[in-house]
Amino acid sequence: MRNRAVKLLLAAAVVWAGWDVALAQPVAEPAAPALYTTHCAACHGAQRTGGMGPALLPESLERLRPAEARKVIAQGRPATQMAGFAATLSAAEIDALAAWVYQPVNPAPAWSEADIRASREETPGAARLPAKPVWRADPMNLFVVVEGGDHHVSLVDGDRFELIHRFASRYALHGGPKFTPDGRYVYFGSRDGWITKYDLWNLTVVAEVRAGLNMRNIAVSGDGRWVMAANYLPKTVALFDADLKLVKTIAAQTLDGKQASRVSAVYDAAPRKSFVVAMKDIPEVWEISYDPKAEPIHDGLVHDYKMGEAIATPGFQNPRRTVLDEPLDDFFFDQGYRHVLGATRPKADGQGASAQVVNLDIRRKVADLPIAGMPHLGSGITFAWNGTTVLASPNLKGGAIDVIDMKTWKPVKTIPTPGPGFFMRSHEATPYAWADSMMSPTAKDTLTLIDKATLTPVATIREPGRTLAHIEFTKDGRYALASVWELDGALVVYDAKTLKEVKRLPMSKPVGKYNVWNKITRSEGTSH
Ligand code: DHE
């Protein structure tokens, strides 16, 4: 009876408002795929895999809130070619488009070895330029600063703190740029899978290639001859020579091929002449040797037949697997590169995140690291303490720095910080380790300095109300450079002893900065 009354009321409302009865039905969804083809495909690609504009795949949009996506479609992105569509599209159409780009492309877009090879471009003549900087400054004390705000890279003289050069990068670089051993070339990886080889001495791009559609990071071999990319999409690692010519891709999957995985990260283990790769969805760590004399891999499966006879996989450029109980997200090496310290992904309830130590020689887990929260091991640093070497690593959830003895694998101390941070740095020549709290809404503006001898916080540096994060030292450790991580941000230089600000260069969200010397010498205070 009540339902009938409601229906009658609704019908009356329709008549009273003069609505077309058809409109009383649920409003038809604007056809997002057609809207995309008309308005977006020219820049973002018919398959949403990117073009002049970035890829618009769920993997690429993981860090973009839907409300922000709607705003970008409506208003565009300043300082980019992304125009606003508020005048062209209705609010409902913008909503429909924004919702649709978060849906997976079906079937999943492919990126084959042929696609990788076809994507490669090189700058004519760049490979034959003289081996001498065209600028005047110490090439070993150069800073490469990635500015995420407008997708540029700045090169800064680490003695005078002056800008040497600024150039446009690929969209959304992520992870540390990787240098050749002589410090001349740097490789950048973008989230959309582009690798750029750049000649720092001649200020030019040498070559570019698209290794995947969604990439985690890249590594450069200690001998400067190989580059490896870790991909989420497709689920592969890709190996290139130093000129970014594809050598091969390797499917990230279990040995029986039954389960595929995104790749968490790849790092170079120079003393072992190998790349070490962690898988995100399968409990395996791979070691891929770039030593032509590497022992063959006997993994129990027949890979190849020669005159009817089984032979082992060559040890050179093929994965040697260590099977674990749980997958690794992010990892770090001990100084001898025998052990990998890996973070295990938190469980769905947010609990249980921890870390484990894997011995790469005997190829098994040798210890659990009882760290609460979510250790960000890739940002860890090591230093001597109390007759041993410790690892200090920020905790993405905890608002603390975890310190672990690298001989016993036991926690030494948990140092409180005002809030969870992402990055941590030190230098052999300074008594302090510097940590940010950039994940904390209230303490994102604070850097905490920790005394490496007493493992206690001894000072803070603030940039009130603004995000202050990611530190890197000069070659001699006398100055620490930090980022005001805002669109109208800055690179701020502090005297590492007096903690006074020395200089400030305006920059557009400088997400990371990398000192050539500290990187190529693998300083214990920086990421590798
Ligand atoms: Fe990163 C490095 C993973 C989100 C900025 N980040 C790395 C590395 C890994 C990693 C494995 C080491 C790669 C290397 O240097 O070769 N990052 C992850 C994540 O899993 C996470 C949490 C989620 C994701 O979406 O990928 C993540 N990272 C971010 C960000 O949101 C940051 C803050 C901003 C951004 O630009 O993406 C960010 N990550 C960085 C930076 C480095 C990095 C600046 C290099 C640090 C260094 O000093 O070496």
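As the structure lists them, so they are numbered: ligands from 1, and atoms in each ligand from 1.
- The single protein non-hydrogen atom nearest to atom 25 (O) of ligand 1 is Arg63 CD, 2.7 Å, given as residue, atom name and distance.
- Contact annotation: for Phe332 versus ligand 1, there are no heavy atoms closer than 4.0 Å.
- With a 4.0 Å heavy-atom cut-off, ligand 1 is reached by no atom of Glu472.
- Protein heavy atom nearest atom 41 (C) of ligand 1, with residue, atom name and distance: Phe423 CZ, 3.6 Å.
- Side-chain contact between Trp201 and Tyr185 is absent, with no heavy-atom pair separated by less than 4.5 Å.
- Note on ligand 1: Phe331 sits outside its first shell, no heavy atom being nearer than 4.0 Å.
- Counting only heavy atoms of the protein, atom 15 (O) of ligand 1 lies nearest to Gly176 N, 2.8 Å.
- At the top of the distance list for atom 8 (C) of ligand 1, counting protein heavy atoms only, stands Tyr267 OH, 4.1 Å.
- With contacts defined as side-chain heavy-atom distances shorter than 4.5 Å, the pair Ser169/His151 qualifies.
- The nearest non-hydrogen atom to atom 14 (C) of ligand 1, considering only Arg191, Lys509, Met439, Lys178, comes from Lys178.
- When only interatomic distances are considered, the shortest N/O to N/O separation between Asn217 and ligand 1 falls below 3.5 Å.
- A salt bridge links Asp150 and Arg166; the closest N-O separation between the charged side-chain nitrogens and carboxylate oxygens is under 4.0 Å.
- Lys178 places a side-chain heavy atom less than 4.5 Å from the side chain of Asn217.
- In terms of protein heavy-atom proximity, atom 36 (O) of ligand 1 is nearest to Val511 CG1, 4.0 Å.
- Using a 4.5 Å cut-off on side-chain heavy atoms (C-beta onward), Glu147 and Lys509 make no contact.
- Residue-ligand proximity: Arg425 is placed with a non-hydrogen atom under 4.0 Å from ligand 1.
- No more than 12 heavy atoms of other residues, nucleotides or ligands lie within 6.0 Å of CZ in Arg478, so this atom counts as exposed by the packing criterion.
- Ligand 1 has no nitrogen or oxygen under 3.5 angstrom from a nitrogen or oxygen of Met438.
- For the pair Arg210 and Trp111, the cation-pi criterion (under 6.0 Å, within 45° of the ring axis) is fulfilled.
- Evaluation of the side chain to side chain contact (heavy atoms under 4.5 Å, CB included) rule for Asp138 yields Met140, Asn141, Asp159, Lys475 as partners, not counting sequence neighbours.
- By the neighbour-count criterion of 12 heavy atoms within 6.0 Å, atom CZ of Arg462 is densely surrounded, having more than that number from other residues, nucleotides or ligands.
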Subject >> Stepwise ring-ring contact (aromatic ring centres under 6.0 Å, His included) check, Tyr267 with Phe275 >> reply: CA-CA 6 Å; Tyr267 295 105; Phe275 292 112; over 10 Å; no

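- Under 4.0 angstrom from ligand 1, there are no non-hydrogen atoms of Glu62.
- When each atom of ligand 1 is checked for a heavy atom of His470 under 4.0 Å away, the hits are 46 (C), 47 (C), 48 (O).
- Both tests hold for Arg170 against Trp194: distance to the six-membered ring centre under 6.0 Å, angle to the ring axis within 45°.
- Donor-acceptor pairing under 3.5 Å is lacking for the side chains of Asn518 and Thr526.
- Contact atoms of ligand 1 toward Trp485: 33 (C), 34 (C) (distance under 4.0 Å to a heavy atom of the residue).
- Remark: atom 23 (C) of ligand 1 lies closer than 4.0 Å to no protein heavy atom.
- In this structure, the side chains of Val390 and Phe383 come closer than 4.5 Å at one or more pairs of heavy atoms.
- Remark: the backbone N or O of Arg216 is not paired with any side-chain donor or acceptor of Arg191 at under 3.5 angstrom.
- Among protein heavy atoms, the minimum distance from atom 49 (O) of ligand 1 is reached at Ser527 OG, 2.5 Å.
- For Phe179, the CZ atom counts as densely surrounded, since its 6.0 Å shell holds more than 12 non-hydrogen atoms of other residues, nucleotides or ligands.
- Ordered by chain and number, His174 NE2 make up the set of protein N, O or S atoms under 2.8 Å of atom 1 (Fe) of ligand 1.
- If you check which protein heavy atom lies closest to atom 20 (O) of ligand 1, you get Arg216 NH2, 2.7 Å.
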